[in-house]
Protein chains: 2
Amino acid sequence: MHDQNTDLQLRRALQSSGQRFTEQRAAVYRYLAGTDIHPTADEVFLAVRSDLHEISLATVYKSLETLVGCGLAVKLNYSGGSARYDGRMDPHYHARCLACGRVADIPGEVTDSEIHTLSGRAPDFQVIGYSLELTGYCTTCVPEGGLSPIRA
Amino acid sequence: MHDQNTDLQLRRALQSSGQRFTEQRAAVYRYLAGTDIHPTADEVFLAVRSDLHEISLATVYKSLETLVGCGLAVKLNYSGGSARYDGRMDPHYHARCLACGRVADIPGEVTDSEIHTLSGRAPDFQVIGYSLELTGYCTTCVPEGGLSPIRA
DNA sequence: ATCCTTGCAAAGCATTTGCAGTCAC
DNA sequence: GTGACTGCAAATGCTTTGCAAGGAT
């Protein structure tokens, strides 16, 4: 299933940075834009391989970095091993379950005024972005002991 | 230079979780609690080795994880390779320079009401903490091109 | 005396890289 | 046709692990 809009968007983003449109990049982007599971590079590889049997893991890594470079995806770094990628570009932030590791999308965004308040405490620093993540437990992972205090 | 308070704090934290006080753990904690450079495991290793010549990198890794487990340190994960550790437990968040990779402390915290607002959008999720990081450029790393839009 | 911790070296993963062949433009 | 991209395999870098010797309680 080829998503015309998705492909076109990718083609434009690539062209404007002097890069080429390829089937591999298209397949990676199509998958990433259509899922909300925040897959790892390996998960993308496995998913995309059902369409493009010959694609290699190295190419998936390269494609993902290309997408990030074009602003079509965001890379999320977590403690538990591999990085995850997010191809949904609507404003939202993330909640990560400390038990199962899943990452859930939370719609909405931190308001600009909130960011300004936070940035104001950082003189000598030109803020261009932020990354906010809530941590806790999803309903399927009920903790037994008490809860730890909130800490960044 | 042995910080009595720091050592005592560590000894208590270790005892309450059934672990032992060792010179290696003490050296790692003393260094971590006394710096604000958010060192990598390797940087801790190099710094601590001037006191404890025989300490190994593996032990540093193990000690750091022990401290995190005791709640005496926080592990920060970034894209650029190695994890960094923060032994300052007063409320603050971080600003990371996209050019040089340095991590600066920003004093203060997101207010409880702000966190509640953010958490409220996440039903089915028991929030116990958050992680906020600003990204941008420190004064010594002035970017040449335009700035990217704010995005999590 | 017990059993946790250390140090060493080797193993384990995620990710990157070099390069020849291939493809988009 | 040219230069960018792919696929492969090897390399890299961070972190973890197994195990015998040593150390804290």
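Labels below follow one simple rule: chain letters A, B, ... track the order of the sequence lines, proteins then strands, and each chain is numbered from 1.
Residues meeting the side-chain contact (heavy atoms from CB on, under 4.5 Å) test with A:Ala104, sequence neighbours left out: none. Taking B:Gln19 as the reference, B:Leu14, B:Ser17, B:Arg25, B:Thr66, B:Cys70 meet the side-chain contact (heavy atoms from CB on, under 4.5 Å) condition, with sequence neighbours excluded. The side-chain hydrogen bond (donor to acceptor under 3.5 Å, both in side chains) test applied to B:Thr22 returns no partner, not counting sequence neighbours. In this structure, the side-chain hydrogen bond (donor to acceptor under 3.5 Å, both in side chains) partners of A:Thr59, at least two apart in sequence or on a different chain, are A:Ser56. The side-chain hydrogen bond (donor to acceptor under 3.5 Å, both in side chains) test applied to A:Ser16 returns no partner, not counting sequence neighbours. Partners of B:Ala26 according to the side-chain contact (heavy atoms from CB on, under 4.5 Å) rule, which considers only residues two or more places apart in sequence or in another chain, are B:Asp7, B:Leu10, B:Phe21, B:Arg30. Residues forming a side-chain hydrogen bond (donor to acceptor under 3.5 Å, both in side chains) with A:Gln24 (at least two apart in sequence, or on another chain): none.
Taking OG of B:Ser82 as the reference point, atom CG of B:Leu76 lies at 12.0 Å (rounded to 0.5 Å). In this structure, CZ on B:Arg49 lies 11.0 Å from CD on B:Glu54, to the nearest 0.5 angstrom. Here the CG atom belonging to B:Leu32 is positioned 9.0 Å from the CZ atom belonging to B:Arg88, to the nearest 0.5 angstrom.
Annotation: side chain of B:Tyr29 is in contact with side chain of B:Leu72 (closest heavy-atom distance under 4.5 Å).
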Under 3.5 Å, N/O pairs linking protein and nucleotides 10-12 of chain C:
none

List, with names and distances, any nitrogen or oxygen atoms from the protein found under 3.5 Å away from nitrogen or oxygen atoms belonging to nucleotides 18-25 of chain D.
from	atom 1	to	atom 2	distance (Å)
D:dG23	N2	B:Arg20	NH1	2.8
D:dA24	N3	B:Arg20	NH1	3.4

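Straight-line distance from the CD1 atom of A:Ile55 to the P atom of C:dC23: 14 Å, rounded to whole Å. Taking atom CD on A:Glu65 and atom C1' on C:dA14, their separation rounds to 12 Å, with Å as the unit. The CD-C1' distance, from A:Glu54 to D:dA9, rounds to 18 Å in whole Å. Whole-Å rounding puts the A:His53 NE2 to D:dT6 C1' distance at 17 Å. Computed from coordinates, the A:Leu52 CG to C:dC23 C1' distance equals 14 Å when rounded to whole Å. Look at CG on A:Leu76: it is 17 Å from P on C:dA14, rounded to the nearest Å. The nearest whole Å value for the distance from the CD atom in B:Glu43 to the P atom in D:dG13 is 16 Å. When the P atom of C:dA14 is taken as reference, atom CG of A:Leu64 falls 15 Å away, rounded to whole Å.
Residues B:Gly18 and B:Val60 each lie close to DNA chain C; by heavy-atom proximity, the contact nearer the 5' end of the strand is made by B:Gly18. The 5' end of DNA chain C is approached more closely, in terms of each residue's nearest nucleotide, by B:Leu14 than by the other of B:Leu14 and A:Ala41. Projected onto DNA chain D by closest heavy-atom contact, B:Leu57 and A:Gln24 fall at different nucleotides, the more 5' of which corresponds to A:Gln24.
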Review item, side-chain donor-acceptor pairs of residues 33-42 of chain A, under 3.5 Å, at least two apart:
from	atom 1	to	atom 2	distance (Å)
A:Thr35	OG1	A:Ile37	N	3.2
A:His38	ND1	A:Asp36	O	3.1
A:His38	ND1	A:Val103	O	3.2
A:His38	NE2	A:His94	NE2	3.3
A:His38	NE2	A:Asp105	OD1	2.7
A:Thr40	OG1	A:Glu43	N	3.2

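Nearest nucleotide to the B:Tyr61 side chain, out of C:dT15, D:dC14, C:dT5: D:dC14.
Between its opening and closing five pairs, the helix from C:dA1-D:dT25 to C:dC25-D:dG1 changes axis direction by 50°, a value rounded to 10 degrees.
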